[in-house]
A.B. asks: 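Take a look at this one; I'll ask things after.
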Amino acid sequence: EGADYQNITHSQGDRMTLTQRKRGRSYTVTEALLDGTKYREIETGMRNLGEILFRTRARDVSHQRLRFGFSAPYVDSEGTTRPNGIANQTTEPIFDDTHTMASGTTYDNELADTALGEVALRNLHDLTTAFIDEDGFRVPWGATGEKILVTGSDIPINHVAQRLTSQEWQMDSAQRNVNIFRGQFRHLPIFFVETDAEGIPDTTSAKYYWILDPTYMKRFAIFGDLMKPKLSGPFEDDFNGGLLWRAKTRYDFGVQAAHIGAGSAATT
């Protein structure tokens, strides 16, 4: 009685760098297309003008949060080096084995190069039980709702992921033990996680996989939709004697805390 309140100062352990992207595309319906009644070509060009911006956004967000999530900086499709660091020193990747918080404590959310399977998924999930926040409290990762197992579109790894998350019995058990991952994880293949900076398929990230918590993704994986892909025009094209159409989009994104999940940069 009569004692002072116990005051605790909140310590911000993670820092975020938001990256803003501005994308634009243009398409000209030339005089030759109009005079030749090339309506199919015109329709294809007009449709692709908007679709390419949606695919570009999907590529950028997949790359920043997942594909290059094991690197502090990465080089984007324009050849620009983008900061992708997180945590107290902003030099640690989103997925790293020694995340350093402001208190000096560390936690791990990166599994060593291991092929996706029952043991690997169990070990990856085990990392999430040791998450701590910037004030030293344990993070109740995956406490509400289902968790997500994310892969690329590689066929063999997709088959493994589907069996892990959907079949009733363990895939590698001769005793037909119950599959504990069924109902806990939902498999979500994301197309652009197995592409290079240009969006071209590559073998480096084909076997990568992650487990994510939708609740923490909503809180800490920031996406600012500043301008949806928007078509404008037509404008007179003085150089080609046709009609010029334009589309543009603007958005920013970043990850505020590495508690969104755990991942493995597997190669097999």
Side-chain angles (χ1 to χ4, degrees), residues 14-26 48-100 108-114 116 124 150-154 157 188-212 216-217 220-229 247-268:
D14 284 359
R15 300 172 184 169
M16 175 180 62
T17 299
L18 278 177
T19 298
Q20 186 171 113
R21 298 294 170 85
K22 299 167 69 176
R23 306 287 190 188
R25 293 290 185 270
S26 63
N48 288 348
L49 188 61
E51 286 181 357
I52 194 171
L53 292 181
F54 278 106
R55 291 198 298 270
T56 300
R57 285 152 56 103
R59 180 202 65 194
D60 288 346
V61 176
S62 299
H63 281 181
Q64 191 268 346
R65 296 176 179 177
L66 299 175
R67 167 62 174 90
F68 294 101
F70 301 97
S71 304
Y74 71 99
V75 180
D76 66 10
S77 57
E78 281 80 33
T80 303
T81 300
R82 299 290 182 182
N84 205 37
I86 203 170
N88 188 39
Q89 306 301 320
T90 68
T91 57
E92 299 169 1
I94 299 170
F95 303 96
D96 191 55
D97 58 358
T98 54
H99 278 290
T100 306
D108 182 5
N109 70 338
E110 179 185 5
L111 187 68
D113 183 358
T114 307
L116 178 62
L124 190 65
V150 175
T151 67
S153 54
D154 178 75
I157 196 174
L188 177 64
I190 297 182
F191 183 74
F192 285 106
V193 298
E194 62 169 287
T195 61
D196 61 16
E198 300 292 335
I200 300 172
D202 74 330
T203 58
T204 301
S205 56
K207 308 296 183 181
Y208 288 7
Y209 57 92
W210 303 261
I211 56 174
L212 303 175
Y216 284 98
M217 286 293 292
F220 296 125
I222 310 301
F223 180 78
D225 195 358
L226 306 178
M227 180 186 296
K228 291 182 172 63
K248 59 184 178 180
T249 183
R250 184 161 53 92
Y251 48 95
D252 54 26
F253 49 84
V255 176
Q256 187 175 0
H259 302 139
I260 59 174
S264 175
T267 59
T268 57

A.B. asks: Any side-chain to backbone donor/acceptor pair from D154 onto Y208? Under 3.5 Å, distance only.
C.D. replies: no

A.B. asks: If the threshold is 4.0 Å, N to carboxylate O, is there a salt bridge linking D60 and R82?
C.D. replies: no

A.B. asks: Rounded to the nearest 0.5 Å, how far apart are OH of Y251 and CE of M227?
C.D. replies: 12.5 Å

A.B. asks: In the structure I gave you, are the side-chain heavy atoms of H99 and N109 within less than 4.5 Å of one another anywhere?
C.D. replies: yes

A.B. asks: List the atom of A257, the atom of V255, and the distance in Å for their closest heavy-atom pair.
C.D. replies: O-CG1, 3.3 Å

A.B. asks: Quick one: pull up CD1 in I211 and CG in L188 and give me the separation to the nearest 0.5 Å.
C.D. replies: 14.0 Å

A.B. asks: Side chains of R25 and L53, heavy atoms from C-beta outward: is any pair under 4.5 Å?
C.D. replies: yes

A.B. asks: Measure up the H259 and Y216 rings against each other and bin them: parallel (under 30°), tilted (30 to 60°), perpendicular (over 60°).
C.D. replies: perpendicular

A.B. asks: Identify the two heavy atoms, one from Y74 and one from N84, that lie closest to each other, and give their separation to 0.1 Å.
C.D. replies: CD2-CB, 3.8 Å

A.B. asks: side-chain hydrogen bond (donor to acceptor under 3.5 Å, both in side chains) for R59 and T195? Distances and angles first, verdict last.
C.D. replies: CA-CA 8 Å; R59 180 202 65 194; T195 61; over 6 Å; no

A.B. asks: Starting from the C-alpha separation in whole Å, work towards a yes-or-no answer on side chain to side chain contact (heavy atoms under 4.5 Å, CB included) for W210 and R65.
C.D. replies: CA-CA 11 Å; W210 303 261; R65 296 176 179 177; over 6 Å; no

A.B. asks: Are F253 and R21 side-chain neighbours, meaning at least one heavy-atom pair lies under 4.5 Å?
C.D. replies: yes

A.B. asks: Which heavy atom of G69 sits nearest a heavy atom of P93, and at what distance?
C.D. replies: O-CB, 3.4 Å

A.B. asks: Kindly compute the distance separating OG1 (T56) from CZ (R23), expressed to the nearest 0.5 Å.
C.D. replies: 6.0 Å

A.B. asks: Between T98 and E92, is any side-chain donor less than 3.5 angstrom from a side-chain acceptor?
C.D. replies: no

A.B. asks: Looking only at heavy atoms, which two atoms of E194 and S153 are closest? And how far apart?
C.D. replies: OE2-N, 2.6 Å

A.B. asks: Could you go through the side chain to side chain contact (heavy atoms under 4.5 Å, CB included) check for D252 and L226 one step at a time?
C.D. replies: CA-CA 7 Å; D252 54 26; L226 306 178; 3.9 Å; yes

A.B. asks: Rounded at 0.5 Å granularity, tell me how far CD1 in I190 sits from CG in L212.
C.D. replies: 7.0 Å

A.B. asks: Would you mind checking if K207 and D113 are paired as a salt bridge, meaning a charged N to carboxylate O distance below 4.0 Å?
C.D. replies: no

A.B. asks: If every non-hydrogen atom of P189 is compared with every non-hydrogen atom of G152, which pair is closest and at what distance?
C.D. replies: CB-O, 3.7 Å

A.B. asks: S205 and R67: which non-hydrogen atoms are nearest, and at how many Å?
C.D. replies: OG-NE, 3.0 Å

A.B. asks: First locate atom CG of D97, then atom CZ of F70, and finally report the distance between them rounded to the nearest 0.5 Å.
C.D. replies: 11.0 Å

A.B. asks: Can you check whether A58's main-chain N or O pairs, donor with acceptor, with S62's side chain at less than 3.5 Å?
C.D. replies: yes

